[in-house]
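Single-structure report; data block below.
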Amino acid sequence: MIGHKSPGLNLSHKHCGQGTILWFVLLLLLVFASAETGRAQNLLKTIADVRLPGGKTRFDYQSLDPSTGYLYLSHMGDGTVVVFDTKTDKVLANVPGFPVVTGVLVVPALKSVYASVTRNHEIGVLDTGKLVVSKRIKGGKFPDGLAYSPETHKLFVSDESGGMETVIDTQRNERVDTIQMGGEVGNTQYDPASHLIYACVQTRNELVEINPQTDKVQARYRLPGGEHPHGLYIDDQHGKAYIACEGDNKLLAFDLKNHSVENVFPVADGPDVLAFDRGLQLLYVACESGSVSVFRFSNGKLEKLEDFKVGANSHSVSVDSETHHAYFPLKNVKGSPVLRIMAPALAE
């Protein structure tokens, strides 16, 4: 019977059509997954691994002088401050005399680098011209993070286990005050917009606001959504504080105007040091686990991009907002300490 279409043949065509659609959907999903994997793999690329002097021991904070391009790194395990020229990618000096150094902060106007020397319970002052220690100042039990208030010419140093902030008059390089914080103190930062000092109090889950004119605590803000806040970055462009919580691997975005946590994000294990690329609006949260959690500020809010593998113990980061290079000191890469220089694909 020519021209007759059996019901069985029609059913087979229907199934073939559904199968084609199913395979097409699966193909699209595979392409999307591949694109996402590629995006993660290409988020950051390594520009160079520069060998650093000293032993295979822990590094801690860094501080970049944008006027010279000199990067100062605390080699905590070696007790030295490494001076690195980011314009030539060469080590300029390895200055000894800083046993168990943690925080470092360059103040270009004073031609000085201040370093927290925890073993000696002091702040060492490094002359950036002569690269010698010009002064040693008593700095509490465990000096750590540092922040400079240019209006008052004061340096504020978080004494982590001592539970206070040490205040130093940088015109005389002498300790002039201490501020009781009521618990373990995490990092300390200066806000150029409000001219205030902020510090995390880890054991109270608080962000504390200090008036540098009076050296008094003028406000305490609870930090729901995170445990044991330690790392801190003040984003004065957008009126935000970004707070890394070690206790539960969270990043808090805190609104400095409304004094409230507006977002909570997961990060890689062991968040510590934060750095912000003001040009690309990228936030880096360096983590002990060997990853960096990368965020972007866009359309008035922070959004997470990716957790990116950097290298073992990559808990310290700094960034040059002009070249967009990010710097990660790693204590052991093929038997030597190196400075891993990376750049985001967004900078291309």
Side-chain angles (χ1 to χ4, degrees), residues 60-63 72 74 101-107 110 112-118 121-125 137-170 175-221 223 226 228-236 240-246 252 254 256 271-276 285-286 315-318:
D60 210 2
Y61 290 96
Q62 313 170 51
S63 186
Y72 300 87
S74 64
V101 58
T102 55
V104 288
L105 179 68
V106 60
V107 183
L110 302 178
S112 297
V113 173
Y114 292 87
S116 296
V117 187
T118 60
H121 315 292
E122 67 186 15
I123 308 302
V125 186
I137 310 161
K138 288 299 179 183
K141 189 175 180 180
F142 193 96
D144 193 16
L146 308 103
Y148 177 66
S149 163
E151 294 82 15
T152 62
H153 307 289
K154 293 176 185 175
L155 184 75
F156 291 78
V157 186
S158 55
D159 182 355
E160 185 169 4
S161 56
M164 64 184 182
E165 286 277 322
T166 300
V167 186
I168 294 170
D169 178 351
T170 61
R175 183 172 63 177
V176 293
D177 209 344
T178 57
I179 304 169
Q180 296 300 320
M181 301 293 280
E184 286 184 8
V185 189
N187 206 350
T188 299
Q189 294 286 320
Y190 167 75
D191 179 11
S194 66
H195 310 298
L196 297 173
I197 298 290
Y198 289 92
C200 295
V201 180
Q202 300 168 164
T203 48
R204 294 172 61 110
N205 264 40
E206 290 180 341
L207 181 66
V208 173
E209 184 178 280
I210 298 170
N211 187 331
Q213 298 288 345
T214 62
D215 300 339
K216 303 292 184 185
V217 172
Q218 65 180 30
R220 293 179 180 270
Y221 305 112
L223 298 173
H228 210 263
H230 178 75
L232 175 64
Y233 180 84
I234 301 297
D235 178 3
D236 60 292
K240 312 293 182 186
Y242 305 129
I243 303 162
C245 298
E246 297 176 322
L252 308 182
F254 184 88
L256 291 170
D272 191 1
V273 181
L274 294 82
F276 191 71
V285 183
H315 70 108
S316 177
V317 61
S318 63

Worksheet item: Any side-chain heavy atom of Q213 within less than 4.5 Å of one from H195?
Response: no
Discussion item. Please check: side-chain N/O of S74 versus main-chain N/O of Y61, any donor-acceptor pairing under 3.5 Å?
Written reply: yes
Discussion item. Can a donor-acceptor pair be found, under 3.5 Å and without considering hydrogens, that links the side chain of T203 to the backbone of E184?
Written reply: yes
Worksheet entry | Parallel, tilted or perpendicular, as decided by the 30° and 60° cut-offs, for the rings of F276 and Y242 | tilted
Worksheet item: Between T170 (side chain) and H153 (backbone), is there a donor-acceptor pair under 3.5 Å?
Response: yes
Discussion item. Once salt bridge (charged side-chain N to carboxylate O under 4.0 Å, His left out) is applied, what residue pairs with a partner in residues 161-170 remain, sequence neighbours excluded?
Written reply: D169-R172
Practice prompt. Give, for atom OG of S149 and atom CD1 of I168, the distance between the pair rounded to the nearest 0.5 Å.
Written response: 13.0 Å
Response to the item:
Residues pairing under salt bridge (charged side-chain N to carboxylate O under 4.0 Å, His left out) where one sits in residues 188-209, two or more places apart or in two chains, turn out to be R204-E206, E206-R220
Fill in: Side chains of I234 and Y190 in contact at under 4.5 Å (non-hydrogen atoms)
no
Worksheet entry | A286 backbone acceptor or donor facing D272 side chain under 3.5 Å | no
Discussion item. Run the side chain to side chain contact (heavy atoms under 4.5 Å, CB included) test against T102 and tell me which residues pass, sequence neighbours left out.
Written reply: D60, M76, S116, T118, F142, D144
Worksheet item: Is there a side-chain contact between V125 and Y114 (heavy atoms, below 4.5 Å)?
Response: yes
Worksheet item: Thinking salt bridges, do K154 and D177 make one under a 4.0 Å N-O criterion?
Response: no
Item to complete: Please examine the side chains of L155 and L105, heavy atoms only from C-beta on, and report whether any two atoms are closer than 4.5 Å.
Response: yes
